[in-house]
**Student:** 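One structure coming up, written as structure tokens, with questions to follow.
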Amino acid sequence: MTTDKRPHVVIVGAGFGGLAAARGLRNADVDITLIDKRNHHLFQPLLYQVATAGLSPAEIAAPIRSIVKGSKNTRVVLDRVYGIDAEHTRIILGDCEPMSYDWLVIATGARHSYFGKDAWAPFAPGIKTVEDATAVRRKILLAMERAEIEQDHDKRHALLTFVIIGGGPTGVEMAGAIAELARRSVSNDFRTITPHCSRVILVQSGDRLLPGFPESLSAKAQLSIEQLGVEVRLGQKVEAVDEMGVTVGEEFIPAGTAIWAAGVQASRAAEWLDVPGDRAGRVIVGPDLLVPDRDNVFVIGDTAACTDATGRMLPGVAPVAKQQGEHVAKCIKARLKGQPLQPFTYRDYGNLATIGRNHAVADFGRVTVSGHVAWLLWCVAHIWFLSGFRNRFVVGASWFWNYLTFARGARLITGDVAPDLPATLVPRPALRPLSF
């Protein structure tokens, strides 16, 4: 560790975990560099609402610099990490020179995993970024626009068929939101699309939805989502996905839109550190969140494979990442004082998932809640954890208006609706000679 200057803490990733670590160290006697390849912090739990035109991207994101502007010991670097030179305690960046560190915190999150079927990605996109969400929104809305003018019954039916792959919280929330969008929010705006034209299918390879919740709540969630008109396929695996549709088991389902919500893969942190990872690529960390044999490298959030006191793997959710970020800050402060590190203990305050309008489930351990009360709890919790008062106010106002009117105000299709045709294929009108 350097002695002629303050210790340098490098945090890679400005998600929930990275920001929590930076906030926890804002008054510590260290210099912090927060690195991210994007200039904004994204509230990922509400990305599905961007994808279904309920919210706009700016309502669930905030510039990283504005979030940490009150932390005088923190600077922000917009760059991409390409590797870690652990021997010389520095990280390799794309545009900047290699950056030395005294402590390194890796909080780079996760990306989609297609379980070896990466060829499916173009046809069944997931939603992890703003770009993902707006691309899915474009795909959904374009399918409806094209169905409005399609004369062929089979093609029109396929355009209005939406298949969501994965029955976890993201899949359930996405299926419910698409059902409400297609059956209630936009059907009044079209002349040929009625609430019964659309078909929403939720495919889950397991035997129940929301496997991380108690079985009673899973059953209630399935009942609620089926009441929205969603077809639930349990115990069925997706065998193929292409531009024409999805093959579930031995059945081919023609579908204009398929969305992936079935699995995630950790970032390349294990590869950077040259350490083994688990099946999902997560770095296996010790009880104090340090990488084994690395006394100055912490890994947190979706990038870390960490267990609780019972040996159960901690889920990749925002509360886990935030608490781990706070713990890392405490560990670094303890090291500055020469104190021993304490093991990380996760405090589980509950698990929430919404199914649609007035329907949600909440698991608080010994107490479970479902229906309208759980939905209100879900709304309050998500508004509370948004970054910035403006976002909280705007999202709350948007939800209130949507609740009253069923309106979806972010139904924007950006980019060209159709690709440009070659000049030889574009009919030109006959030209009359000019007269003066």
Side-chain angles (χ1 to χ4, degrees), residues 38 40 42-44 46-61 112 120-152 155-165 170-171 173-201 241-246 254-261 356 391 394-395 397-399 401-402 405-422 425-426:
R38 292 181 173 84
H40 57 269
L42 180 65
F43 192 76
Q44 284 191 344
L46 291 180
L47 263 180
Y48 82 95
Q49 294 220 357
V50 174
T52 54
L55 296 172
S56 69
E59 293 169 354
I60 63 166
H112 308 118
W120 297 355
F123 313 113
I127 49 170
K128 282 291 182 184
T129 66
V130 167
E131 293 83 1
D132 292 338
T134 53
V136 169
R137 180 183 68 185
R138 170 186 169 84
K139 192 170 185 177
I140 292 171
L141 296 178
L142 270 179
M144 295 178 180
E145 293 289 347
R146 288 168 178 165
E148 173 79 354
I149 59 175
E150 180 58 60
Q151 300 299 313
D152 184 278
K155 291 181 180 178
R156 188 169 184 272
H157 185 68
L159 284 169
L160 293 175
T161 298
F162 306 89
V163 179
I164 297 88
I165 304 165
T170 300
E173 291 171 350
M174 177 65 75
I178 291 177
E180 290 187 338
L181 173 69
R183 294 174 179 270
R184 190 65 182 265
S185 297
V186 303
S187 59
N188 292 334
D189 295 347
F190 290 87
R191 296 296 174 261
T192 63
I193 298 177
T194 68
H196 302 289
C197 288
S198 302
R199 184 185 185 195
V200 183
I201 303 171
V241 184
D242 58 30
E243 60 183 352
M244 302 303 295
V246 180
T257 303
I259 299 170
W260 187 262
N391 284 358
V394 172
V395 170
S398 295
W399 283 352
W401 182 251
N402 292 349
T405 65
F406 290 91
R408 299 268 175 156
R411 300 204 314 265
L412 302 180
I413 301 175
T414 55
D416 292 335
V417 173
D420 292 335
L421 293 174
L425 297 181
V426 180

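These numbers come from a predicted model, not from an experiment.
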**Student:** With a 4.5 Å heavy-atom cut-off, do L55 and S398 have their side chains touching?
**Tutor:** yes

**Student:** According to side-chain contact (heavy atoms from CB on, under 4.5 Å), who are the partners of T134, at least two apart in sequence or on a separate chain?
**Tutor:** V50, P57, V130, R137

**Student:** Can you check whether I259 reaches I140 side chain to side chain, under 4.5 Å on heavy atoms?
**Tutor:** yes

**Student:** Quick check for you: to the nearest 0.5 Å, what is the distance between L47 atom CG and M174 atom CE?
**Tutor:** 8.5 Å

**Student:** Using the salt bridge (Lys or Arg N to Asp or Glu O under 4.0 Å) criterion, which residues pair with R156? Sequence neighbours excluded.
**Tutor:** none

**Student:** If the condition is side chain to side chain donor-acceptor pair (under 3.5 Å), which residues does N391 pass it with, not counting sequence neighbours?
**Tutor:** none

**Student:** Taking salt bridge (Lys or Arg N to Asp or Glu O under 4.0 Å) as the test, write out the residues that go with E145, two or more places apart.
**Tutor:** none

**Student:** Which atom names give the shortest non-hydrogen contact between H112 and I127, and what distance separates them?
**Tutor:** NE2-N, 3.1 Å

**Student:** Test of understanding: with side-chain contact (heavy atoms from CB on, under 4.5 Å), list the residues that count as partners of A61, not counting sequence neighbours.
**Tutor:** H40, L42

**Student:** For residues V200 and A175, report the shortest heavy-atom separation together with the two atoms involved.
**Tutor:** CG1-O, 3.9 Å

**Student:** Indicate the atoms forming the closest heavy-atom contact of M144 with F190, along with that distance.
**Tutor:** O-CE2, 3.8 Å

**Student:** Excluding sequence neighbours, so at least two apart, what forms side-chain contact (heavy atoms from CB on, under 4.5 Å) with K139?
**Tutor:** P125, T257

**Student:** What are the two closest non-hydrogen atoms of N402 and G54, and how far apart are they?
**Tutor:** ND2-O, 3.6 Å

**Student:** Of all residues at least two apart in sequence or in a different chain, which pass the ring-ring contact (aromatic ring centres under 6.0 Å, His included) check with W399?
**Tutor:** W378

**Student:** Write down the atom of A124, the atom of W260, and the distance for their closest heavy-atom approach.
**Tutor:** O-CB, 3.1 Å

**Student:** How long is the straight-line distance from NE2 of H157 back to OG of S198, given to the nearest 0.5 Å?
**Tutor:** 10.0 Å

**Student:** Take V241 and I165 through the side chain to side chain contact (heavy atoms under 4.5 Å, CB included) test and state the conclusion after the steps.
**Tutor:** CA-CA 10 Å; V241 184; I165 304 165; 4.1 Å; yes

**Student:** Considering residues at least two apart in sequence or located in another chain, which fulfil the side-chain contact (heavy atoms from CB on, under 4.5 Å) criterion with F43?
**Tutor:** F16, P45, L46, I60, H382, F385, L386

**Student:** Could you list all the side chain to side chain donor-acceptor pair (under 3.5 Å) pairs where at least one residue sits in residues 120-129, not counting sequence neighbours?
**Tutor:** T129-E131, T129-D132

**Student:** Within the side chain of E148, is there an N or O that forms a donor-acceptor pair under 3.5 Å with the backbone of T192?
**Tutor:** yes

**Student:** For the residue pair T52 and I178, what are the closest heavy atoms and their distance?
**Tutor:** CG2-CG1, 3.7 Å

